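Data block below; observations after.
Predicted model only: the values in this text are computed from it and were never measured. No hydrogens, no waters, no symmetry mates; every other heavy atom, side chains included, goes into these values.
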Amino acid sequence: MPVGSVRLHSIKKLGQDNNAYDVTDEPTSYMTMTTSPKDDQAKNKAEQPAIRIGFFQLFRFASKRDVLMMVVGTLCAVLHGSAQPLMLLVFGMLTDTFIDYDIELNELMDDRKECLNNTIRWRQNLTATTQDWTNGSSAWELFKPLQNRTCGILDIEYEMTNFAYYYVGIGIAVFMLGYFQFPCLKAPCSLDTSMGFNSRPKISLWVTSAARQVQIIRKLYFGRVMRMEIGWFDCNSVGELNTRMSDDINKINDAIADQVSIFIQRFTTFVCGFCMGFIGGWKLTLVILAASPLIGLGAGLMALSVARLTGMELQAYAKAGAVADEVLSAIRTVAAFGGELKEVERYDRNLILAQRWGIRKGLIMGFFTGYMWFIIFLCYALAFWYGSGLVLDLEYTPGTLLQVFFGVLIGAMNLGQASPCLEAFASGRGAATIIFETIDRVPEIDCMSESGYKLDRVKGDIEFHNVTFHYPARPEVKILDQLSVAVKTGETTAFVGPSGAGKSTAVQLIQRFYDPKEGMVTLDGHDIRGLNIQWLRSLIGIVEQEPVLFATTIAENIRYGRPGVSMDDIIAAAKEANAYSFIMDLPRVRQGRTTISIAHRLSTIRNADVIVGFEHGRAVERGKHEVLMERKGVYFTLVTLQSQGDKALNEKARQMAETEEDSVSMRLSRAGSYRASLRASIRQRSRSQMSHLIPESLVPMAGELGPRAYSVSHADKTQVEEEEEEPVEPAPVARILKYNSPEWPYMLFGSFGAAVNGGVNPVYSLLFSQILATFSIQDPDKQEREINGICMFFVVVGLLSFFTQIIQGYSFSKSGELLTRRLRRLGFRAMLGQEIGWFDDHRNSPGALTTRLATDASQVQGATGSQIGMIVNSLTNIGVSLIISFYFSWKLTMVILCFLPFIALSGGFQAKMLTGFAKQDKVAMEAAGRISGEALNNIRTIAGLGKESTFVEMYNAQLDGPYHAAIQKAHVYGACYGFSQCVVFLANSASYRFGGYLVKHEGLHFSMVFRVISAIVTSGTALGRASSYTPEYAKAKISAARFFQLLDKVPKISVYSDKGEKWDNFRGDVEFIDCKFTYPTRPDMQVLNGLNVTVKPGQTLAFVGSSGCGKSTSVQLLERFYDPDQGRVLIDGHESTRVSVPFLRSKIGIVSQEPILFDCSIADNIRYGDNAREISMNDVMAAAKKAQLHSFVMALPEKYETHVGSQGSQLSRGQKQRIAIARAIIRDPKILLLDEATSALDTESEKTVQEALDKAREGRTCIVIAHRLSTIQNSDIIAVMARGFVIEKGPHDQLMALKGAYYKLVTTGAPIS
């Protein structure tokens, strides 16, 4: 047990010595706050993706009903898989029948032979000629008894009719099974055996079961993530979590749905095929088996390689998704500093790694696919060479040879073709590793746990006992160091101290966002770790410096604070929290509660019962204001520094108030539209723009503890109404290919390889039929020569297929991955190029846009990349097959072709249905993505309110749509697949029957029947395979249409265009002329209503006024985040709408009240201030020194290379603000915008930073938005705003003399009313 760990003894009373715990060095596990080695290695494990989930563990969430469905689905797959080898029995008999008939015809063509009593015999009274005796052999044949060959019994038409009935019966059975199955979308084609049984099933029962399980996994994963402690979120990117919820869970779905049925069917075919081989002819089976391990070896190596590469690819895409989410969440900051192109490059760098892994995966798949085809053709050559000898030795009939050979070969081939299934299983297991480990992870602080005590009576005494703490993501930086402080019930205790001293951290420990590493925090003497966490947080109300609201109504946002309240209660709460009267009402709000205040404005906590001074993570002093002022410690220093700036202004105002007897009061209507409008427009953002809602003079953070008169009830389910999307017409393929045009050499080579591979099956039909023809040859020598030549040809075709498969795999993976990267880059660039108003639409939230980038770009490959290879393969297959078929028998070809339109019809219907399903899936998953994105981005607010379960319920409700769509999909696939497979068997039935007719009546050689049927069925299979691409094709066209819609959208304010006015002598003369404005998402709320104000070059303009009066909106018009609806904004006499946006923004620097930092180093965040040039480290350090940041950074272990965490989560607010100020200083702008830039700074550094800002303002036009009037008293122009227009303007002295609104603000401190 580490030093400082805690063992509870008893409960202390306030004021007594604390003997409730002791510190011991003895090893024990009770109350030991140590970091788990498992957690310490979390990052290392994440960087080295590995599969730690067994296959059957993927089904851990299956219910009994799911298991039953999977069992029935498995039975269907087994029956379907066993049917193919069993059909070989019929096919063997059919082949023997044709060969026997052909041999009979050949025998009777000899004039010396006749058919007598159904037996072929030498003609009676036949004598040999002299020439026959001279030749010898021919004459001596007459003395040899003929083989006992029957004749006159075999009616080929009758036999073929019987075989046709067999095919019809099997076709009906396949239709019944096919209703539970539908065509595979991604698996490679299998060799046809001229029987037409080339099934590629997915089982609808498996798909239905998988849909149910995936729905459970999504719910459990999101539910578990929402249960995690805040420290876990510090170490995990929100963008990466969103990506895992979409991409990774989809991979799990692939692994437990259709691919399982494919594998079961193929494995069954493998087993049955080998059984048939051993029963029918063990010798040939053993010969073929000698080569079979080579196929298994290839499949195994392929699965291992692909699984590893898929894991790497997933990790790279997850990082890219995290970058996209971070940038889109901070779009205003990106736009303000012109960082769009820089962020596009950062995003693209992460895509390069994913592209590399994807190309390698394609090459590996091409190599092993070619390898397996090569082995298969070697098996053909070996089997026919060896098997023909057994036929000549009369051990086998030709039919038996085919049964044994095709039984073993189909078995081995199906085992090899299971490799795509193994790939899907490996990908699913790799994706499930992190998903399931997250689901299984027990949170260190479980916010939804029902365990823990609930005290019957709460007084509200809080005490820190020797608390030491560091953030999980930064264990080397100690935040609290043996902190001991007590907060008494009913008192207001103020925490003051420099930024980073541990004030906010202490409050987060009270909320149990984190637990101390050493020591403990007690409530009424009870360690809060032993209390029920939901109950504890229900006692705490918090007003943050950066409040976060959610994407719903104002009433629902207020109701999050207390579930189940009526509208009257909401109205009453709103009135009690009135921003204008809040200062006066604050004591009443605090009454009866334990209150903790964290403030930089020390005047707001002068009357606090206890003031605690923090420094370096310790409470160094405590007492009332007067006591601490006499002590002259930390608090005295802070107060003295801060009061110097306020004293002169307040004293002068007081003197002027005493000399005047008459007071003029100006009543102004209250305006609060801007903040509500802005929140409505950017409610999906991770950072709030709402902190102006509470004036600066309020305490930025207050917590309350006290008994509640109500119990926590379940929140009403909130339904987010989604607007209907505009209908999207599928994109033309030509345009999709246009974006792939730079890769035309790869596509050309890939198409060549695919064309050659497509010709393999038709060539196989030629060789196969020729082999059958040799078995009717009676001359053994000639038969042997024919067979040897055909076998050598098989070897050549196999070798050719090996190389062309590699070419096809590599070329199309290269072109496809380059296209995906290009589309993602272009899409991200187009998103960043939109005007800010576009992001105000809730459909364009960061979560939805990130999901769109991840899914749409990858789905576009369904119309290009490897899909082109599949299509070229199929078209070549069809073309060559038709040429062969028409050449050898056009009549039989025409009969078979009658059935092909029905196959195409089923494929077209399937495509039309799936287009609608694709849109439903996209809408439903984006809605769920918006909810999860908002929840994860604002997890601290949700945790503080205890609303985790509410968001989990909202997310779960959005998952019903995709589930029901998956069920509908299964039925459509089943019906289409059953119909298409049935048609294939009916085609075989009619083909063999008509073929028998042609053989008997038109003298067509029987091998031509096999050749034509085999070729046409091969082309039909290729056509069916092409139609099976229609789902991917349909998704690709819809995804491409959405992508092109984004790329084609012309932003109202273009950040990439060089068009617009530019001038060299930029002075910074700004003039607002009668500007009127409403936010695009709130057109009914007038924010600016005729704004008129001018600021000359080098002057400072200060906007003051109530929240929502339009101050920040004015700044956003100047930055051209928006353009005014009416009126004009002039810069140096140029109308803003005609000025080049990049040029204008390059002249403006901004320091906002709520700075947004990026997940990179401190140095990179400072460099972000100027993205137009390379900034040296010396410049970075100089800017940091001016912002009073340098000394803090140099104290960190990694100094300027220290990562600030997601959204700067590893830094205090003051530290983040100083980085933002350094970022603005390094920009050296002509116009400087300060949106209450020093509000989050401690008093110690505020003065020096303010001096730095004052110096930075020299020679620049400066616009200040301020609530702290002392910071703007020296401004050249002070503009007082209300209801969207300026009611007073002028310098400080002039406005004080007017004794209007500004005078009232200064003298009374009260807001305008």
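Residues R940 and Q508 have side chains that bring a donor and an acceptor to within less than 3.5 angstrom of each other. When only modelled atom types and interatomic distance are considered, N466 and S484 share a side-chain donor-acceptor pair under 3.5 Å.
Here the side chain of D461 pairs no donor or acceptor atom with the backbone of L523 at under 3.5 angstrom. Judged purely by atom type and a 3.5 angstrom limit, E476 has no side-chain atom pairing as donor or acceptor with the backbone of P1197. R537 places a side-chain N or O within donor-acceptor distance of the main-chain N or O of R512, the cut-off being under 3.5 Å.
Proximity of V458 to W535: side-chain heavy atoms (C-beta onward) are separated by under 4.5 Å at one or more points. Within the 4.5 Å cutoff, side-chain heavy atoms of L936 are placed close to those of F233. Using a 4.5 Å cut-off on side-chain heavy atoms (C-beta onward), V485 and T493 make no contact. Residues F951 and E934 meet the side-chain proximity criterion, which asks for heavy atoms closer than 4.5 Å. Put simply, the side chain of R529 reaches to within 4.5 Å of the side chain of D515, judged on heavy atoms. Counting heavy atoms from C-beta outward, I528 and I510 have side chains that stay 4.5 Å or more apart. Considering only heavy atoms from C-beta on, Q482 comes within 4.5 Å of T468 through its side chain. When side chains are defined from C-beta on, L480 does not count as touching P516, because their heavy atoms never get closer than 4.5 Å.
From T595, atom OG1 reaches atom CD1 of I605 across 13.5 Å, with rounding to the nearest 0.5 Å. Between atom CD1 of residue I533 and atom OG of residue S449 there is a gap of 8.0 Å, rounded to the nearest 0.5 Å. The distance from the NZ atom of K624 to the CG atom of D609 is 5.0 Å, given to the nearest 0.5 Å. The distance from the CG atom of L531 to the CG atom of D524 is 9.0 Å, given to the nearest 0.5 Å. Note that CD1 of I611 is 9.0 Å distant from CD of E621, once rounded to the nearest 0.5 Å. Between atom CD of residue Q511 and atom OG of residue S504 there is a gap of 10.0 Å, rounded to the nearest 0.5 Å.
A search for ring pair (Phe, Tyr, Trp, His ring centres under 6.0 Å) contacts involving F436 returns F61, not counting sequence neighbours.
Summarising the geometry of A330 relative to I1156, their closest heavy-atom pair is CB-CG2, 3.3 Å, with the distance given to 0.1 Å. Heavy atoms only, all atoms of each residue included: M226 and I939 are closest at CE-CD1, 3.8 Å. Taking every heavy atom of both residues into account, A619 and V612 meet most closely at CB-CG1, 3.7 Å. Heavy atoms only, all atoms of each residue included: Y635 and V496 are closest at CD1-CG2, 3.8 Å. Minimum interatomic distance between M448 and S949 (heavy atoms only, all atoms of both residues): CE-N, 3.7 Å. Nearest heavy atom pair, residue I1166 against residue V1180, reads CD1-CG1, 3.8 Å.
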Check against side-chain contact (heavy atoms from CB on, under 4.5 Å), M228 and N236: CA-CA 11 Å; M228 292 299 180; N236 289 273; over 6 Å; no

Evaluation steps, side-chain contact (heavy atoms from CB on, under 4.5 Å), between W232 and T438: CA-CA 11 Å; W232 185 81; T438 302; 4.0 Å; yes

Derivation of the side-chain contact (heavy atoms from CB on, under 4.5 Å) call for M1194 and Y1200: CA-CA 7 Å; M1194 297 306 292; Y1200 281 92; 3.8 Å; yes

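Between Y514 and Y471, the ring planes are perpendicular. Angles over 60° get that label, and only those under 30° would be called parallel.
With D446 as the fixed residue, the side chain to side chain donor-acceptor pair (under 3.5 Å) test singles out one of R227, R224, Q534: R227.
Applying the ring-ring contact (aromatic ring centres under 6.0 Å, His included) test to pairs two or more places apart or on separate chains, those with a residue in residues 482-502 are F495-F614.
At most 12 non-hydrogen atoms from other residues, nucleotides or ligands lie less than 6.0 angstrom from CZ of R606.
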